[in-house]
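Notes follow the structure.
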Amino acid sequence: MPAPTSPPAPDRYARAASPDPAARASAADELVHDPHPSAARLLLTLHGRDIDPTVRAHAADAIQRRRDPILDAALAASAQRDPDPSVRAASAAAFRKLHPFRKRVGTAAGLAVLCPGCGHFYLDQPDGWGYLLTTGSLIGGAYVALRDQQVSLDGPSASPKVPIGLGLAAFAQNLWFYSIFDAYRDARVARGDLGYRIPISREPLSTLASAPFRPSTLKSPWVWAGVPAMLAGGIAISYLASRGEAATTPPTIFDVDRVNVLGRNFSRGSGFALGSAYFAGLFTSVGVGEEALFRGVIQTELEERWGWGGFALSSIIFGAVHITNFTDDARTAAIAIPTITALGATMGLAYRARGYKLEVPVAMHFWYDFLLSATAFALDPEHQPFVVQHANRW
């Protein structure tokens, strides 16, 4: 229950039995901050049995201000059955404010981890169907595309189904990530964000998806100065990781006349544009999904509990989960994981500096991934995930 601004008056129980309706209403205000179960019972008595409808309505508001979710059933009953319409209206309004406190933030996020949309179902929100059906459709499409295919994550494939399937799988994963954040955020917002020191980001999905391309975001020093610094580090690490692997240097974009994109050959300029468009779509979803989960949920929760220690732990988690990208190359993983951890910390600092809003970290994440991939594309256009060496008929 909320902390009182001053200790409850010692005569609150006596005033609850006063013949003066104003005194009984005043006692209800005092009972809000009384932790004893008898105070809750007395509030329910004033709400359900007082002869004055003004006192009953006042007690309804006092019950919701007590923030004890087990009392919402009494409010729901009064909203249906009280003979006075003003009391029914007050009870209904109080129920709407109190009922969300039955829903735990951690439970909403946890259910969303298990199943996209399930956190929203727990919160009684129909949005869950959108997440469940859309993510399921994307996963199904990816399965159909990748079934019986030999999948390469970082080089050319034998069928255009592979890059398309991988793209659908990435969209599904990041929509799932975003659904976790959305359920977590909705649970906090429904409770008035009470009990949290760090504010929850309320930017809608459309705002986050467009963040990398909006001038208001691009003018942030975290983007125009931070991304080039991150990119320089990423290129240097990529060079160190790949040094000595290839005996010959592959042709660059300037050495080829045609570029293969999804099994079709295009002129150098058109092919580079189409390949870049593939990366842009892919990394828009990655930027939104990963930042929503790792900054919007994980960093927020850990930092809320342990301050800078939680911030550091969230950055380590961000780096550690990317080890799945390097399961067959321990040497590269040993170089890349600390780098990704540092990149996560940089975006986490931007998240803190921008008042725990996600737009700038999303833009940083997008432009880092996009520019690093575009650089790799320019240096080696024949070994990209959207290149198809032998296009099969679908």
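Note that the structure is a prediction, hence the values are computed from the model and not measured.
The closest side-chain donor-acceptor pair between Thr300 and Tyr196, if any, does not fall under 3.5 angstrom. There is a side-chain donor-acceptor pair under 3.5 Å between His99 and Asp72. No hydrogens or angles considered: a donor-acceptor pair under 3.5 Å links the side chains of Ser210 and Arg214. Side-chain contact check for Asp20 and Ser18: no donor-acceptor pair (N or O, by modelled atom type) lies under 3.5 Å. No side-chain donor from either of Ser26 and Asp29 sits under 3.5 Å from a side-chain acceptor of the other.
Ile51 and Val87 end up in different hydrophobic clusters when Ile, Leu, Val, Met, Phe, Trp and Tyr side chains are linked at under 4.5 Å. Cluster annotation: Leu123 is not connected to Trp129 through the hydrophobic network of ILVMFWY side chains, with a link wherever side-chain heavy atoms come within less than 4.5 Å. Connection of Trp224 to Val360 is not established within any shared hydrophobic cluster, with ILVMFWY side chains joined at heavy-atom distances below 4.5 Å, either directly or through further cluster members. Under a hydrophobic-cluster definition in which Ile, Leu, Val, Met, Phe, Trp and Tyr are linked whenever side-chain heavy atoms come within less than 4.5 Å, directly or via other members, Phe366 and Leu231 are assigned to the same cluster. Linking ILVMFWY side-chain heavy atoms closer than 4.5 Å, directly or via other members, places Val256 and Phe254 in a single hydrophobic cluster.
Between Arg67 atom CZ and Lys97 atom NZ the span is 11.0 Å, to the nearest 0.5 Å. In this structure, OG1 on Thr339 lies 3.5 Å from CD1 on Ile237, to the nearest 0.5 angstrom. The line from CG of Leu98 to CZ of Arg191 is 10.5 Å long, rounded to the nearest 0.5 Å. For the atom pair Phe171 CZ and Leu138 CG, the distance stands at 8.5 Å (nearest 0.5 Å). The CG atom of Asp34 sits 9.0 Å away from atom CG of Leu42, with the distance rounded to the nearest 0.5 Å. Note that NE2 of His36 and CZ of Arg41 are 7.0 Å apart. Values are rounded to the nearest 0.5 Å.
Panel note: side chain Trp367, backbone Pro212; a donor-acceptor pair is recorded below 3.5 Å. No side-chain donor-acceptor contact under 3.5 Å links Ser91 to the backbone of Arg88. Ser220 contributes no side-chain N or O that, together with a main-chain N or O of Thr217, makes up a donor-acceptor pair within less than 3.5 Å. Of the possible donor and acceptor atoms, none in the side chain of Gln80 sits under 3.5 Å from a partner among the backbone N and O of Ala76. With Asp61 contributing its side chain and His58 its backbone, the two residues share no donor-acceptor pair below 3.5 Å.
No side-chain heavy atom of Glu290 sits less than 4.5 Å from a side-chain heavy atom of Met347. The shortest side-chain heavy-atom distance between Asp124 and Lys103 falls under the 4.5 Å cut-off. Using a 4.5 Å heavy-atom cutoff, the side chains of Leu111 and Phe121 are not in contact. Put simply, the side chain of Tyr13 reaches to within 4.5 Å of the side chain of Leu31, judged on heavy atoms. Proximity of Pro156 to Gln384: side-chain heavy atoms (C-beta onward) are nowhere separated by under 4.5 Å. Using a 4.5 Å heavy-atom threshold, the side chains of Pro116 and Leu175 count as separate. Side-chain atoms of Tyr351 and Glu303, non-hydrogen and from C-beta on, never get closer than 4.5 Å to each other. In this structure, the side chains of Thr207 and Pro204 come closer than 4.5 Å at one or more pairs of heavy atoms.
The minimum heavy-atom distance linking Asp380 with Pro250 is given by the pair OD1-CB, 3.6 Å. Pairing each heavy atom of Ala142 with each of Leu168, the nearest pair is N-CD1, 3.8 Å. The nearest pair of heavy atoms linking Arg188 to Ile198 is NH2-O, 2.6 Å. Pairing each heavy atom of Pro100 with each of Ala190, the nearest pair is CB-O, 3.4 Å. Here the shortest heavy-atom pairing between Ile200 and Val189 reads CG2-CG2, 4.1 Å. Taking every heavy atom of both residues into account, Glu291 and His365 meet most closely at OE2-ND1, 2.7 Å.
When the options Asp182, Val113, Val286, Leu293 are evaluated for a side chain to side chain contact (heavy atoms under 4.5 Å, CB included) with Phe177, the one that passes is Leu293. With Phe377 as reference, Phe272 is the one residue of Tyr278, Phe370, Phe272 to meet the ring pair (Phe, Tyr, Trp, His ring centres under 6.0 Å) rule.
Within 6.0 Å of CZ in Arg268 there are more than 12 heavy atoms belonging to other residues, nucleotides or ligands. Atom CZ of Arg104 has 12 or fewer neighbouring heavy atoms from other residues, nucleotides or ligands inside a 6.0 Å radius. Around the CG atom of Leu194, the shell of radius 6.0 Å holds more than 12 heavy atoms that belong to other residues, nucleotides or ligands. For Arg49, the CZ atom is loosely surrounded, since the number of other residues' heavy atoms within 6.0 Å does not exceed 12.
One finds a salt bridge joining Arg24 and Asp50 here, because a Lys/Arg side-chain nitrogen approaches an Asp/Glu carboxylate oxygen to under 4.0 Å.
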Side chain to side chain contact (heavy atoms under 4.5 Å, CB included) assessment of Leu132 paired with Cys115: CA-CA 7 Å; Leu132 181 61; Cys115 163; 3.8 Å; yes

Could you walk me through whether Val387 and Glu382 satisfy the side chain to side chain contact (heavy atoms under 4.5 Å, CB included) test, starting with their C-alpha distance in whole Å, then the side-chain angles of each, then the deciding distance to 0.1 Å, before giving a yes or no? CA-CA 7 Å; Val387 171; Glu382 295 181 352; 5.6 Å; no

Would Asn174 and Val288 count as a side chain to side chain contact (heavy atoms under 4.5 Å, CB included) here? Give the steps. CA-CA 7 Å; Asn174 290 295; Val288 172; over 6 Å; no

Stepwise, does the side chain to side chain contact (heavy atoms under 4.5 Å, CB included) test hold for Leu43 with Leu71? CA-CA 10 Å; Leu43 265 179; Leu71 303 180; 5.7 Å; no

Would Asp84 and Arg56 count as a salt bridge (Lys or Arg N to Asp or Glu O under 4.0 Å) if you check the C-alpha gap in whole Å, the side-chain angles of each, and the deciding distance to 0.1 Å? CA-CA 9 Å; Asp84 189 279; Arg56 297 201 301 276; 5.1 Å; no

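The aromatic rings of Tyr178 and Tyr131 sit tilted relative to each other, their planes meeting at an angle between 30° and 60°.
In this structure, Phe386 has its ring center closer than 6.0 angstrom to the ring center of Phe279. Between Trp306 and Phe311, the gap from one ring centroid to the other reaches at least 6.0 Å.
Figure legend: Arg295 and Phe318 shown as a cation-pi pair, the cationic atom lying under 6.0 angstrom from the six-membered ring centre and within 45 degrees of its axis.
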